[in-house]
Amino acid sequence: MRRIVWVLVVAAGLAAVVAPAAPFLSRYAAVPRAADGPVTVLLAGVDVDYDDSAAVWPWPAKAESYTTRTDTIMLTQVWPDGRVNVLGVPRDSWVNMPGYGWGKINGANVHGGPEMLMRAVQDLTGVPVDAYALVSLNAIPAMTDAAGGVTVDVGQAMKYDDNAGNLHIDLKPGRQRLSGEQAAGFLRFRHDNLGDIGRIARQQQFVSALGAQVRNPLNVWRLPMMVSAVDRNMKTDLTRAQVAALTGAALRGPQVQTFSVPGTFGFRGAASVWEVDRAALGALIAKQFRDPDDVRSLGVAVVNTDAPDGSAGRLKARLEGLGYSNVWIVNEPRGPAQTTASGAAATRVLRDVGFGTVSDQPVAAGADVTVRLGSDTPAP
């Protein structure tokens, strides 16, 4: 009888610990697994949208819609062995947003939602993005408090008050354990000589500190509360299989490396922007983020040889929607033909094209794989 009582007590305790994560688990619960390659998730924190029609001051925040500018952008690549590479993208990076045009990357979510933001980051980095997760500003304080605070070295005095935004930062230099409210201030502070670039460094410092805390076995019991804190303040298109792969990697012990998009401060008209050093970024991506087994990072040329008009553009858009980051259209002489693909990875690319056969034809200049669309191309 005593043994049964102890079993019931332990079971009740486990249920109480796991209960906060129940909504997340009901959607994503799956057996952790080792993925075949990395899972790349775009993490972005959205700005607060205030109700300027309210009769009170400071204006209250509107209900979270996840449609505002992205205050924080981090490309996070999680490998099956537990390695986690995080690339901080400055919010003022000047980029060409697909379907919109040139502007600061933090406006992509406003102009075209998370899909445009994913495409903009893919085009900038050449790294295929598997999923996105938009988090509200409430996520950081909630998760930090659920973790019992996070210990970081505050490198400088931080003092800032924004009554309209209800943001009050007052941190002294030195190593200290930050509460949720303090962590939010630490991560949002940008009123020094480095502006957003200094803030990215602090964000990466915080991520590394949190990762070290998660790896501590003594904190295992806090994980369901941390998961719940994020889940309540997040919009994502992560699939159950991707969560299983991320969980499998996390069980190996996250080993976090942080990087930043290289560049310099500049101006576009009167706007201050971050001018990306494309050559330096390409070298960084090739060394730290390139998955040699992912065909979506290869250069794919598409040719309309004997297909209905517009077929090349439609295939380009479909491949980009699947995460291909380097697809372009090439013009060649037209003539009777069936769909073929040539190049070392032609077979794997054809799986995503959905039809066609492998050919030994030369590839187009600069391409790893060339797809030549023929009369067997399905009509739109």
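These numbers come from the heavy atoms of this one structure, side chains and all, not from hydrogens, waters or symmetry mates.
- Applying the side chain to side chain donor-acceptor pair (under 3.5 Å) test to Lys287 and every residue at least two apart in sequence or in another chain returns nothing.
- Without hydrogens or angle criteria, Ser325 side chain to Gly126 main chain gives a donor-acceptor distance under 3.5 Å.
- Remark: side-chain polar atoms of Asn109 are paired, donor with acceptor, to backbone N or O of Thr68 under 3.5 angstrom.
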### Query
Would Gln205 and Asp153 count as a side-chain contact (heavy atoms from CB on, under 4.5 Å) if you check the C-alpha gap in whole Å, the side-chain angles of each, and the deciding distance to 0.1 Å?
CA-CA 9 Å; Gln205 179 188 356; Asp153 281 310; 3.8 Å; yes
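- The shortest heavy-atom contact between Lys316 and Glu320 is NZ-OE2, 2.8 Å.
- To the nearest 0.5 Å, atom CG of residue Asp71 and atom CG of residue Leu187 are 10.0 Å apart.
- Here the closest heavy-atom approach between residue Leu117 and residue Leu42 is recorded as CG-CD2, 3.6 Å.
- Checking Gln338 against Ser375 by side-chain atom types alone, a donor-acceptor pair falls below 3.5 Å.
- Taking the six-membered ring where tryptophan is involved, the planes of Phe186 and Phe206 are tilted, since the angle between them lies from 30° to 60°.
- Between Phe259 and Phe289, the ring planes are perpendicular. Angles over 60° get that label, and only those under 30° would be called parallel.
- Side-chain atoms of Arg202 come within 3.5 Å of backbone N or O of Phe189 as a donor-acceptor pair.
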### Query
Does the side-chain hydrogen bond (donor to acceptor under 3.5 Å, both in side chains) test come out yes or no for Asn304 and Ser311, once each step is laid out?
CA-CA 7 Å; Asn304 188 342; Ser311 293; 4.6 Å; no
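- Under a 3.5 Å cut-off, the side chain of Arg372 and the backbone N or O of Asp306 do not form any donor-acceptor pair.
- Counting all heavy atoms, side chain and backbone alike, Thr305 lies closest to Pro333 at CG2-O, 4.3 Å.
- Checking each of Val261, Leu87, Asn85, Leu124 against Leu75 for a side chain to side chain contact (heavy atoms under 4.5 Å, CB included) leaves exactly one that passes, namely Leu87.
- The closest donor-acceptor contact from the side chain of Tyr66 to the backbone of Met234 lies under 3.5 Å.
- Here Thr258 pairs with Val86, Gln204, Ser208, Val256 under the side chain to side chain contact (heavy atoms under 4.5 Å, CB included) rule; sequence neighbours left out.
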